[in-house]
There are 2 protein chains.
Amino acid sequence: MRAVETMTGHPNPHPAATPHDAGTIPDRIFSLLREAIIEGDIAPGSKISEPELARAYGISRGPLREAIGRLEACGLVVRRANVGARVVKMSSTQLLEIFHVREALEGMAARLAAQNMSAAEIAELRALLDQHGEQIDRDTGHAYFQREGDLDFHYRIVQGSHNQRLVELLCNDLYHVVRLYRYQFGMPSKRGPRAFVEHGHIVDAIERRDPEMAELMMRAHIRASRENVERLLKEHQTQG
Amino acid sequence: MRAVETMTGHPNPHPAATPHDAGTIPDRIFSLLREAIIEGDIAPGSKISEPELARAYGISRGPLREAIGRLEACGLVVRRANVGARVVKMSSTQLLEIFHVREALEGMAARLAAQNMSAAEIAELRALLDQHGEQIDRDTGHAYFQREGDLDFHYRIVQGSHNQRLVELLCNDLYHVVRLYRYQFGMPSKRGPRAFVEHGHIVDAIERRDPEMAELMMRAHIRASRENVERLLKEHQTQG
DNA sequence: CAGATTAGAATTGTCGACAATACTAGCGGC
DNA sequence: GCCGCTAGTATTGTCGACAATTCTAATCTG
């Protein structure tokens with residue numbers, strides 16, 4: 001198994017485990033740049049210099065341009081003709097837009113998951129949830145949940161929908177943007193334990209094979225998260 | 001049959017109205033190839049030969065490759081390393097997957113449209129609907145509705161959501177794929193008049209500024225369309 | 001001194017050529 | 001006659017160089 005072993009102490013770090021050394025050069029560079037952008041190694045709003053990066057990675061500009069093109073397709077950089085690419089600087093409105101899209105797509109994913117997940121998959125999902133529960137008991141849980149653990153859970157459900165297009169939209173594009181915003185905004189929300197409870201309701205509904213309820217719970221979960229962010233943004237705005 | 005500009009008297013004809021001669025070469029080629037693929041000028045499953053197309057369009061392989069990359073991002077072609085790109089041949093399962101995604105996204109779009117559309121936008125939407133009504137009275141309406149008119153309507157509502165990410169997902173990617181499947185499958189459904197009525201319910205809800213109802217009606221509309229396709233697929237499968 | 005202008009440098013867009021990989025046809029062996 | 005191998009061909013992947021455009025900054029003018 002390839003995977004991103006050197007990243008953290010965690011056994012299976014997180015959803016973005018895309019191999020960094022497989023296939024063609026654009027593939028590799030795309031993964032590297034994506035990670036660099038998401039984790040803030042390349043500052044938001046900063047320019048992507050083709051000659052510079054080409055030298056840095058020891059490649060030509062051809063493959064690099066293809067990689068940048070894919071970053072643009074993912075919404076991680078914006079490009080203007082004859083000017084170049086810049087790392088996106090997410091605005092609060094863009095952030096809220098993403099929450100609406102997630103509410104719609106992941107709600108549907110939960111519905112389909114309740115219909116299509118195999119018993120084995122559901123068991124694994126339950127196990128993951130239990131594991132999160134222990135994690136929450138140990139530390140106060142904020143750190144883990146606010147980072148990759150939460151996405152791990154959502155990732156599984158999307159996979160469980162068995163809808164390939166949904167998987168690509170969410171796992172290959174949107175979740176990376178979500179991680180980007182978490183690094184850029186870095187809000188210290190206390191929603192960890194609350195979110196854990198909501199995750200529990202979702203798994204319950206899936207186990208009961210109740211698509212309607214699964215979708216409702218997922219949408220409520222994401223909506224609550226959005227409203228929490230809206231509140232934080234307003235506070236941050238007023239109090240400076 | 002170049003573009004559908006002459007369709008209506010409206011200033012902005014229909015969703016696919018992307019200028020074919022603006023900006024850089026990849027932009028132009030991308031639009032051209034996309035249209036060629038969607039309308040079936042390039043057969044489904046056929047190979048995209050880089051040298052051949054480069055000669056045909058009188059350009060180099062560099063810009064062409066970038067255009068192909070974007071087609072891949074839209075899901076119109078599939079690419080394998082060292083092998084090349086082929087036009088997607090849509091399976092029935094992929095088709096149904098898209099309906100589920102549309103149900104989720106467009107449901108949300110309708111909800112947001114009911115909240116965010118300006119009075120002027122709503123008036124235009126109503127006008128468009130009336131115009132479709134006349135069209136239905138004139139011919140029996142199947143042809144028009146089954147083609148681009150239906151997408152025009154959906155396009156407007158997505159725009160009315162005022163959610164940029166939703167607009168990009170649906171108008172720049174998914175709707176083109178929907179058009180592709182309509183050319184590939186070409187099902188003669190008699191849903192035209194029925195769909196018109198459903199469109200009316202959606203506009204009613206938006207005029208009443210009722211987001212919940214707008215979403216419900218939109219989802220019901222797309223679900224009905226999906227179930228219709230499922231039925232047709234099953235018939236087509238059994239009777240040969 | 002402020003603002004517009006213009007020459008210069010740097011970056012992006014495009015091209016043709018080379019290298020690496022995959023497909024094809026022909027041959028030999030079983 | 002069928003299967004596996006091999007050499008040849010064609011296509012994709014990658015590179016370095018040239019053309020077109022944009023940004024910079026130094027100069028000139030009011």
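Naming: A, B, ... by sequence-line order, numbering from 1 per chain.
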**OP:** Only counting residues at least two apart or in another chain, list the ones meeting salt bridge (Lys or Arg N to Asp or Glu O under 4.0 Å) with B:Glu103.
**Re:**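 So B:Glu103 forms a salt bridge (Lys or Arg N to Asp or Glu O under 4.0 Å) with B:Arg219, B:Arg223, B:Arg226.
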**OP:** Enter the inter-axis angle for the ends of the helix from C:dC1-D:dG30 to C:dC30-D:dG1 (five pairs per end, rounded to 10°).
**Re:**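 The end-segment axes of the helix from C:dC1-D:dG30 to C:dC30-D:dG1 are tilted 10° relative to each other.
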Could you list all N or O pairs between the protein and nucleotides 6-13 of chain C that sit under 3.5 Å apart?
{"unit_1": "C:dT12", "atom_1": "OP1", "unit_2": "A:Lys47", "atom_2": "NZ", "d": "3.0"}
{"unit_1": "C:dT12", "atom_1": "OP1", "unit_2": "A:Ile48", "atom_2": "O", "d": "3.4"}
{"unit_1": "C:dT12", "atom_1": "OP2", "unit_2": "A:Glu50", "atom_2": "N", "d": "3.4"}
{"unit_1": "C:dG13", "atom_1": "OP1", "unit_2": "A:Asn82", "atom_2": "N", "d": "3.3"}
{"unit_1": "C:dG13", "atom_1": "OP2", "unit_2": "A:Arg65", "atom_2": "NH1", "d": "2.4"}
{"unit_1": "C:dG13", "atom_1": "OP2", "unit_2": "A:Arg65", "atom_2": "NH2", "d": "2.9"}
{"unit_1": "C:dG13", "atom_1": "N7", "unit_2": "A:Arg61", "atom_2": "NH2", "d": "2.7"}
{"unit_1": "C:dG13", "atom_1": "O6", "unit_2": "A:Arg61", "atom_2": "NH1", "d": "3.1"}

Original post:
Which atoms form the tightest heavy-atom contact between B:Phe30 and B:Cys74, and what is the distance?
Top reply: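 Looking at all heavy atoms of both residues, the closest pair is CZ-SG, 3.8 Å.
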Original post:
If every non-hydrogen atom of A:Tyr181 is compared with every non-hydrogen atom of A:Val229, which pair is closest and at what distance?
Top reply: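 The pair with the smallest heavy-atom distance is OH-CG2, 4.0 Å.
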Original post:
Should we say atom NZ of A:Lys47 is surrounded by more than 12 heavy atoms from elsewhere, each under 6.0 Å from it?
Top reply: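 More than 12 within 6.0 Å, yes.
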**OP:** May I ask you to test the B:Leu53-B:Ile48 pair for a side-chain heavy-atom distance under 4.5 Å?
**Re:**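 The answer is yes; the side chains approach within 4.5 Å.
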**OP:** Kindly indicate whether the side chain of A:Ile42, heavy atoms from C-beta on, has any atom under 4.5 Å from the side chain of A:Leu33.
**Re:**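 When only atoms from C-beta onward are counted, A:Leu33 and A:Ile42 do touch, with a gap below 4.5 Å.
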Subject >> Any side-chain donor near an acceptor of the partner, A:His162 and A:Glu121, under 3.5 Å >> reply: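 Judged by distance alone, the side chains do pair up.
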